[in-house]
Amino acid sequence: MALIVQKFGGTSVGDAERIRAVADHVARTRAAGNDVVVVVSAMGKSTDELIRLADEVSPNRPPREMDMLLTAGERISMALVSMALGARGVESASFTGSQAGIITDGDHTRAKILEMRPDRIREALDAGLVPVVAGFQGVSTERDITTLGRGGSDVTAVALAAALKADVCEIYTDVTGVFSADPRVVAKARRLPKINFDEMMEMAATGGRVLMLRSVEFARRHHVPLHVRSSFTWEPGTWIVEEDPTMEEATVTAVTDDTSEAKITLDGVPDRPGVAAQLFRALADAGVNVDMIVQNTGTNGLTAISFTVALTDLAEARAVCHAVKDQIGATSVETDDQIGRVSIIGAGMKSAPGVTALMFETLSDNGINIEMISTSSIRISCVVRSERVAEAVRCLHTAFGLDAA
Ligand code: ASP
Ligand code: MG
């Protein structure tokens, strides 16, 4: 008998019919002899709807009250799923994040988990119940209700699976797994039966939209196998597992795209120690997360620094750059929100020469100009014009032999 954590995302509990289908599936899993802990997201787009309501009543969003508001969404789903289970003769009880013992710091709207004390969940399991836990939320050490950031129900599920030493954490969603590229962009994308944590993290960080990055990091750190699968077809999906050193790895596993970033370039920057430190310290202090960074070799004592930030942070980042421009002696600050990033990812590229060359040749054969490049040991990313991103993903998917037959 296994212990399985089953997390259901917003579309999986989008309406009464979906909730009944979820309850049927949980009942089937139980009938097969497993213990189940359910984690739910808010129904459909209800989190967005609550944010919209907040905007209608107030020009700002006080973080503590936003958390109180948004956690209501998951509370609705947990009670409804628990009732639907009861109607199927499966004994169950719902728990808020706080009741489930998810203790966080006090950083409202993006709290981090400090400690898990899932005593009540264990007691419920021991009593033969199916606990249904509200995702995305916890309680701070100051006893305020907190949320874990958008998409945070994945983190709840993984954290519970780790704390309860579950055999697997199943993430149910509206796609059938993780694909070699976004199927909406590449018609010939294939579902990957298996992918390792490092690759999945690179995918999540570069635009793969299936799993929240933090939840993958968490699962890797705590050795929780993840299984991403569909709550519409219920067929097996993609397993995210630890690297198997005995297996030959594919050179390129997936191609991702991301058009959620903008580029900022500071020109005429003096080429001396401390300048980059000053700029990026100012950005960090403003809470701006910087992604790719490129600095040119200096000529005549001057250099240019380009970097990317989330589009949502662009206004803030631009203001910071203008503020430090004179201090560091840069001549100009330019921003560009028409960029996109295309990345190829694969654990096997560590030991395969020629991957970079083939990527650049493929883009050049298609007349796509590369504006920035960054790499990790298992990823190569290029920034290109945003309107060319979809085409870039498709031609790279073909060039690296990923197209489905
Ligand atoms: N309901 C929250 C959100 O929409 C959390 C989640 O779905 O994971 O971000
Ligand atoms: Mg979600």
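Side chains are part of it too, since the values below use all heavy atoms of this structure and drop only hydrogens, waters and symmetry mates. Note that the structure is predicted; figures quoted are calculated from it, not measured. When a ligand or atom number is given, it counts from 1 through the structure's own listing order.
- Screening residues 230-254 for ring pair (Phe, Tyr, Trp, His ring centres under 6.0 Å), with sequence neighbours left out, gives His25-Trp234, Tyr172-Trp234, His227-Trp239.
- Within the structure, side-chain hydrogen bond (donor to acceptor under 3.5 Å, both in side chains) pairs that include any residue of residues 396-405 comprise Ser180-His397, His397-Asp403, Thr398-Asp403 (at least two apart or interchain).
- Inspection of the Thr206 and Thr256 side chains reveals an N or O donor paired with an N or O acceptor under 3.5 Å.
- The distance from ligand 1 to the heavy atoms of Phe136 drops below 4.0 Å at these ligand atoms: 2 (C), 5 (C).
- Around CD of Glu17, the count of heavy atoms belonging to other residues, nucleotides or ligands within 6.0 Å does not exceed 12.
- Contact annotation: for Glu74 versus ligand 1, heavy atoms closer than 4.0 Å belong to the side chain alone.
- Proximity to Ser41 (heavy-atom distance under 4.0 Å) selects the following atoms of ligand 1: 6 (C), 7 (O), 8 (O).
- In this structure, a donor-acceptor pair under 3.5 Å is absent between the side chains of Ser386 and Arg388.
- Close approach of ligand 1 to Arg150 (heavy-atom distance below 4.0 Å) involves ligand atoms 3 (C), 4 (O), 9 (O).
- Side-chain atoms of Ser94 and Ser82 include no donor-acceptor pair closer than 3.5 Å.
- Between Lys7 and ligand 1, no pair of N/O atoms sits closer than 3.5 Å.
- Considering backbone and side-chain atoms together, Gly151 places an N or O closer than 3.5 Å to an N or O of ligand 1.
- Not close to ligand 1: Gly135, with no non-hydrogen atom less than 4.0 angstrom away.
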